[in-house]
Amino acid sequence: MANSVLDPLSRRYRFVGSSLATVVYIFLLAPVVVTIPMAFGPTNALEFPPSTYSLDLFRILFTSDSWLLPLYTSLKVAIFSTCAALFVGLPSAYWIARYEFLGKLLISGVLISPLVIPAIVSGLGIYLYFAYIRIGGTTLSLVLGHVMVTLPYVIVMIIAGVQKLDRNLEFGAELMGANPIRMFFTVVIPELVPSLISAAFFAFLLSFDEVIISWFLTGSDTVTLPVKMYSALEWEVSPVIAAVSALLTALSLLACIVTIGLRKSSGEEVS
Amino acid sequence: MNRSIDLKVQSLFMSPAALVAAGIILPPLCYVLITSFQGDTGPLSAYKLIVESSLFRQTLATTLGVASISSVLSLILGYIVALHLARQHPNRRTVLMVLILLPFWTSILVKCFAFTIILGRHGIINNLLSWASGFDVQLPLVLNRVGLFVGMTNFLVPLVVLPVLASLLAIDSTLYRAASVMGAKPARMFWTVTVPLSVPGVVAGLLSVFVMSLGAFVIPALLGGPQDQMLSNLVDFYNRQVLDWPKASAISVILLALASIFIVPMALWRRRKI
């Protein structure tokens, strides 16, 4: 049994450890699980378990403009910002992972910084900045804000992917006369596909779920789904939120399975 | 490869990122910093008014208290799970990881919504207690400190599990063989091998959840009460209700400075590991 902690435990402690862990697993999963049955409940009451089951909440979600437009905005912003983050992140992550250059620490530090800077600070700053350059409240401002949030994750995930590649293939291609750009497209990118897919899923999900930055950037006609949901939770808790939650949870589950599947198929440890 | 071609290729690979760094990531921080010095009566007036206000002091104390307690709580719960995962066979561990990754990937809004259903006055827990006791139990579990800690801990545990698990799995298994050859009992092996060697993961996890919780915004707003609002909520209050951007910016700068005290050692720690 390689790759596990091997200090032996007496039976009693093993049992205590597993039971405590089970309690924590339940605690972690409870909020994820609870919303699913609620999504199929009645439209007039929030109760668990629901007294009657129907698809009414989903019907409201997918027919009323007040939910459909935010859903559409979120999809649009998530797709554009994921593409932009990959476009920016892929070449820079490759270069950062492979080469030493002047200012590497500075630029990678700046690119990664949104990971640790409190979102409210970035949010307020980007609000003031975009108001000054007069793009506040537009879809463009949301996409740019979301690129800022997703890019660090994309870069970190792609750097990890590049570091696992066999660099000899890249040297080989260059020895055979491929220029660096051609080598990048024909050798590196095909090998990186699994990392790219999981980075894309993660970026999409992150953007689709993003609340705080969007909270500062949405205009009246560019409300995103999380912002709509946040204000609904703050003012009046509508049962439709259960359907939105179920939708978001299904998306997280999908992303989670795809990522684990990809890592499994490339034969590495999931952690 | 020729040096000048090398530089050309490098600028091709790095220029989109440089553009994003200089055009999207840095300007907001500069704007916050500049705005914080644009108070009505002199460059430091916003800071002066903020630091003197009792609302700010109270919120700062709440923020530090809530961040410390929820970090420690999530470390305890996270350590239990990481230990359990580390003792599993790798195949089984992959399956169990879903139980950590799914909550990790779940929207914070979904969790907050779910906890209002679970912890509300007529929520799942109160209903269960009423049913079990025969009385009408209506414990106040949400929109107060309890709800805030439950939400924060739930959000932070997966963030502790990942680094702690990584450092547990990095322990060299020959150490255990050596310890057992030398006659160490299981409990002694746990305390002298497993626990000390998990310290890097614990430190990394603790620092990152503490920084995360300093900036908490959604959870205190939706699961905490009026007394449990944190610095991020105060920023939003000054920005949205009072429309006082110098003060909102000054609080942001203070929050960022506070977070930096912990971000800098975290960054150094990571670099040392690489």
Side-chain angles (χ1 to χ4, degrees), chain A residues 1 3-10 17-18 20-21 24-25 28-32 34-35 46 48 87-88 91-92 95 101 107 110-111 113-114 116-122 124-126 128-129 144 147-148 151 180 205 209 211-212 226 229-230 233 241 245 248-249 252-253 255-256 270-271, chain B residues 9-10 13-14 16-18 20-21 24-25 27-29 31-32 35 77 80-81 84 86-87 89-90 94 97 99 101-103 105-107 109-115 117-118 124 157 165-166 168-169 173 176 186 189-190 193-194 211 215 217-218 222 232 235 239 248 252 255-256 259 263:
Chain A
M1 207 172 85
N3 217 353
S4 298
V5 166
L6 290 174
D7 60 345
L9 282 180
S10 66
S18 305
L20 283 176
V24 182
Y25 289 129
L28 289 179
L29 282 177
V32 183
V34 160
T35 54
L46 272 171
F48 188 91
F87 175 77
V88 175
S92 57
W95 205 261
F101 54 91
I107 192 162
V110 172
L111 290 170
S113 68
V116 285
I117 291 176
I120 200 89
V121 179
S122 312
L124 178 70
I126 210 163
L128 296 170
Y129 172 49
L144 294 179
V147 168
M148 176 172 85
L151 189 58
L205 196 70
D209 284 346
V211 202
I212 304 179
M229 196 171 160
Y230 176 76
L233 282 171
I241 297 174
S245 299
L248 292 179
T249 306
S252 316
L253 186 63
C256 191
V270 179
S271 65
Chain B
V9 177
Q10 173 173 316
F13 275 74
M14 290 304 297
V20 170
I24 306 180
I25 300 177
L29 296 178
Y31 269 84
V32 168
T35 313
L77 299 189
I80 293 172
V81 170
H84 181 251
R87 292 180 198 286
H89 184 270
T94 308
M97 279 307 286
L99 305 183
L101 289 177
L102 183 59
W105 287 58
T106 300
S107 158
L109 292 169
V110 172
K111 290 185 178 181
C112 287
F113 169 67
F115 275 122
I117 306 291
I118 296 172
I124 298 174
V157 166
L165 179 62
L168 285 174
L169 291 179
S173 60
Y176 292 110
M189 269 154 100
F190 176 73
V193 179
T194 308
V211 169
F217 172 71
V218 176
L222 296 179
S232 292
V235 172
N239 174 50
S252 300
L255 174 60
L256 184 58
I263 293 171

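Protein chains get the first letters and strands the later ones, always in sequence-line order, with residue 1 at the start of each.
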Any idea how A:Tyr25 and B:His84 line up, ring-wise: parallel (<30°), tilted (30 to 60°), or perpendicular (>60°)?
perpendicular
Worked verdict on A:Val32 versus B:Val110 for side chain to side chain contact (heavy atoms under 4.5 Å, CB included):
CA-CA 7 Å; A:Val32 183; B:Val110 172; over 6 Å; no
With a 4.5 angstrom heavy-atom cut-off, which part of [X] approaches chain A: side chain, backbone, both or neither?
X        : result
B:Leu222 : side chain
B:Val81  : both
B:Leu77  : both
B:Leu109 : both
B:Ser232 : both
B:Ile117 : side chain

Please look at [X] and chain B and tell me whether the side chain, the backbone, both or neither of the residue comes under 4.5 angstrom of a heavy atom of that chain.
X        : result
A:Ala119 : neither
A:Val116 : both
A:Val110 : both
A:Pro114 : side chain

Taking only residues two or more places apart in sequence, or in another chain, which ones meet A:Trp95 in a side-chain hydrogen bond (donor to acceptor under 3.5 Å, both in side chains)?
B:Gln10
Would you check if A:Met148 and A:Ile126 make a side-chain contact, meaning some heavy-atom pair closer than 4.5 Å?
yes
Indicate yes or no: at least one non-hydrogen side-chain atom of B:Leu256 is less than 4.5 angstrom from one of B:Leu29.
yes
Which atom of B:Ala248 lies closest to which atom of B:Asn239, heavy atoms considered
CB-N, 4.0 Å
For A:Cys256 against B:Leu102, the heavy-atom pair lying closest together:
SG-N, 3.9 Å
Which one of [options] has the most heavy-atom pairs closer than 4.5 Å to chain B?
options                               : result
A:Ser18, A:Ser252, A:Pro226           : A:Ser252
A:Thr35, A:Leu233, A:Leu248, A:Ile107 : A:Leu233
A:Ala21, A:Ser122, A:Gly17, A:Ala30   : A:Ala21
A:Phe101, A:Phe87, A:Tyr129           : A:Tyr129

Do the side chain of B:Lys111 and the main chain of A:Leu28 share a donor and acceptor less than 3.5 angstrom apart?
no
Within the side chain of A:Ser92, is there an N or O that forms a donor-acceptor pair under 3.5 Å with the backbone of B:Ala17?
no
Would B:Leu165 and B:Met97 satisfy side chain to side chain contact (heavy atoms under 4.5 Å, CB included), going step by step from the backbone distance to the final call?
CA-CA 11 Å; B:Leu165 179 62; B:Met97 279 307 286; 3.8 Å; yes
Among B:Cys112, B:Gly215, B:Ala114, B:Ser252, which has the most heavy-atom pairs under 4.5 Å with chain A?
B:Ser252
